[in-house]
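Lettering follows sequence order; numbering is per chain, from 1.
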Protein chains: 2
Amino acid sequence: MKTITIKDIAKECGVGVSTVSRAINNHPDISDETKERIMKVIRENNFTPNSTARNLKFTQTKTIAVLIKGIENPFFQKMLKVFEEEIQNKKYTFLLHRVDSNQDELEVALQLIKERKLKGIIFLGGCFSHDEKRLKQITVPFVLSTISIFDGVDKNIYSSVSVDDIKESKKAVDCLCDYGHEKIAILAAQPWDTSISGLRIEGYKRALAERNIPINKNLIRYTLEEVNAFTMENGYKLMKELLESEEEFTAVYAVSDSMVIGAGKAILESGKKIPEDYSIMGFDGLDISYYYNPSISTIRQPVEDMAKETSEILFNLIENNAYNSHKIFEGELLVRQSIARLNK
Amino acid sequence: MKTITIKDIAKECGVGVSTVSRAINNHPDISDETKERIMKVIRENNFTPNSTARNLKFTQTKTIAVLIKGIENPFFQKMLKVFEEEIQNKKYTFLLHRVDSNQDELEVALQLIKERKLKGIIFLGGCFSHDEKRLKQITVPFVLSTISIFDGVDKNIYSSVSVDDIKESKKAVDCLCDYGHEKIAILAAQPWDTSISGLRIEGYKRALAERNIPINKNLIRYTLEEVNAFTMENGYKLMKELLESEEEFTAVYAVSDSMVIGAGKAILESGKKIPEDYSIMGFDGLDISYYYNPSISTIRQPVEDMAKETSEILFNLIENNAYNSHKIFEGELLVRQSIARLNK
DNA sequence: TTGTATGCGTTATCAA
DNA sequence: TTGATAACGCATACAA
């Protein structure tokens, strides 16, 4: 089956190729009559312009890449859905690209920009700690979504959408403290993760510091190297170790809902109860945190809104030449069954 | 910043463009010496060939599309990850395309094939009930993954990877029956879903029939139109209705783990216990089914293997011109805490 | 082994 | 309002 081209259409209509092109692209310089005639033939022949050739002309392709680290993280799922929708709606091509946890997302991005002539990039997940110089290499608009970045980097060279991880994290720990807990364990990612995990630990520390609760290093449980941190499995393992360590604690806070669900399993398996023996608190606000038994207290991030904002900012950057902007969303503390007041 | 092309490299090396092209593509007709020289310049200039132009030459692009209905279904997540990996490994481009539940996936596929000159397609999810004629319109290799299709369609025109939904479903219900349950409710998708949901209902019916347990239509709970069937939320709603209907039952089987988790929530909220008051059983074998409390009995589908097989079949079709093939995987019944023996 | 010229399917420029 | 023609960046047949 020979693929049908714009030339064939032109021949069939007895017009030049440029006229056909004009018809397709709604150019003004064409009479309604010929346009109608051409469109009819196009429909009849079921012709679709070859987007590859198109893109070659445009030098820039209308594609937006989502670079995602930790594609298995359910937290990203809803966001992905929104991105896909928005990008499809805008008639752009959606390019999903997974980047390995040990890969440098900037390298990948640079490569992709050149190879695919991207219009924009959304970075999702990963520990984003690149300096200004490297960030500047990225020549197309990009948005860091739900990624916090260090201060010290010029805010004008990138856009971001996130929650204030330190603040929200402090909220979570504050809540536990308000319930009377002082010996609070925290399940975190690797020590070198200064992004999400690091910031949330910082929030944890600040909450405790504010109440003059000394920080017990043994209660800060880091994930081992090479392990996928934000998973139920990892939460389960970390919790198991903690329980076996015989370090005393009354509450567990994990830097993600997935982790805390794993942790919950470990607790229940050990014969202890939630929240009677241990209170648990997560972060993210996945649907499952509500459906879990007991339902899990957490900080809900407004993912859909955040994803929408992300693509909005990106399209503003791309189409309206807007300035880089930063949107911080408010998290919502959801107090549910998983925490109990501590009677001393 | 002018984008650098193969021409620039050629000029810089003092050779012709074709020589550069040969160097890039590992052609035999080139001396190692010049090749080295060219590659060096390429590295220095940080040059990447424009894949758009490349694709235009090839007429066919090396891209594989994954058409997915119900992208929010966590069941697909692990598969997506595998696909993305495999496709990236094979140096193909991975094109993820969501299709709305009311969209016709074949239409979308046809469109995409022409527009993007696809090499192959993976269909994921959705109710696949197209007839032979329409299936034949798809001119590139494709694999239906975890989608069951009617008999009556010529097996030679498509490939598929799945479990035997009827058989596995029967396994699940058999298990409940073995535990003494007879009044077993089933939470299903819409009545018109003759694919996954329909087949699993069939398995349910066969299990009951084999034991001469009459089928109570009131215990078959269908999802309302327009609702996303395979979600926790939907399972929750369906279960709530069932509980309020005062229809008697002792066990609930849902056609997906997500649904059964929602159902579990509804049960617990009503003050009943699992498995003391109601036994519950899911399907899919999501990680969460293990971590849930109580852990949920389910039929585990070997998703990773299935995804790998899917891409293997597809690449065989594409690269080795293999015949269409069909792989049926065995599900694994996981009996966990969520079911109890019924003492009459 | 290398270089030149042509074409892939479009869009854009220019002249008609 | 149209049509011929030159790009876009690359690969390749063919000539050298």
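Where DNA chain C meets chain A (any atom under 4.0 Å from a heavy atom), the bounding nucleotides read 5' to 3' are C:dG9 to C:dA12.
A:Ser51 comes within 4.0 angstrom of no nucleic acid atom, judged by non-hydrogen atoms across all strands. At a threshold of 4.0 angstrom between heavy atoms, the contacts of A:Asn50 are confined to the sugar-phosphate backbone, with no base atom among them. Contact annotation for A:Ile30: backbone-only contact, meaning every heavy-atom pair under 4.0 Å involves sugar-phosphate atoms and none involves a base. When heavy atoms are screened at a 4.0 angstrom cut-off, B:Thr52 is found touching no nucleic acid atom at all.
Note on residues 77-113 of chain B: pairs passing ring pair (Phe, Tyr, Trp, His ring centres under 6.0 Å), not counting sequence neighbours, are B:Tyr92-B:Phe315.
Residue B:Ile4 contributes atom CD1, which lies 16 Å from atom C1' of D:dC8 at whole-angstrom precision. Atom pair A:Asp29:CG and D:dA4:P shows a separation of 17 Å (rounding to whole Å applied). At whole-Å resolution of the value, CG in B:Leu56 and P in D:dG9 are 12 Å apart.
Every residue was checked against the side chain to side chain donor-acceptor pair (under 3.5 Å) condition with A:Asp32, not counting sequence neighbours, and none meets it.
For DNA chain D, the neighbouring residues in residues 18-28 of chain B, judged by any heavy atom under 4.0 Å, are B:Ser18, B:Ser21, B:Asn25, B:His27. Within residues 39-47 of chain A, no residue places a heavy atom under 4.0 Å from DNA chain D.
In this structure, A:Phe142 and A:Tyr158 have parallel ring planes: the angle between them is below the 30° cut-off, well short of the 60° mark.
In this structure, B:Arg37 does not pair ionically with B:Glu44, as no charged nitrogen and carboxylate oxygen lie closer than 4.0 Å.
In the helix from C:dT1-D:dA16 to C:dA16-D:dT1, the rotation axis of the first five pairs and that of the last five pairs differ in direction by 40°, rounded to 10 degrees.
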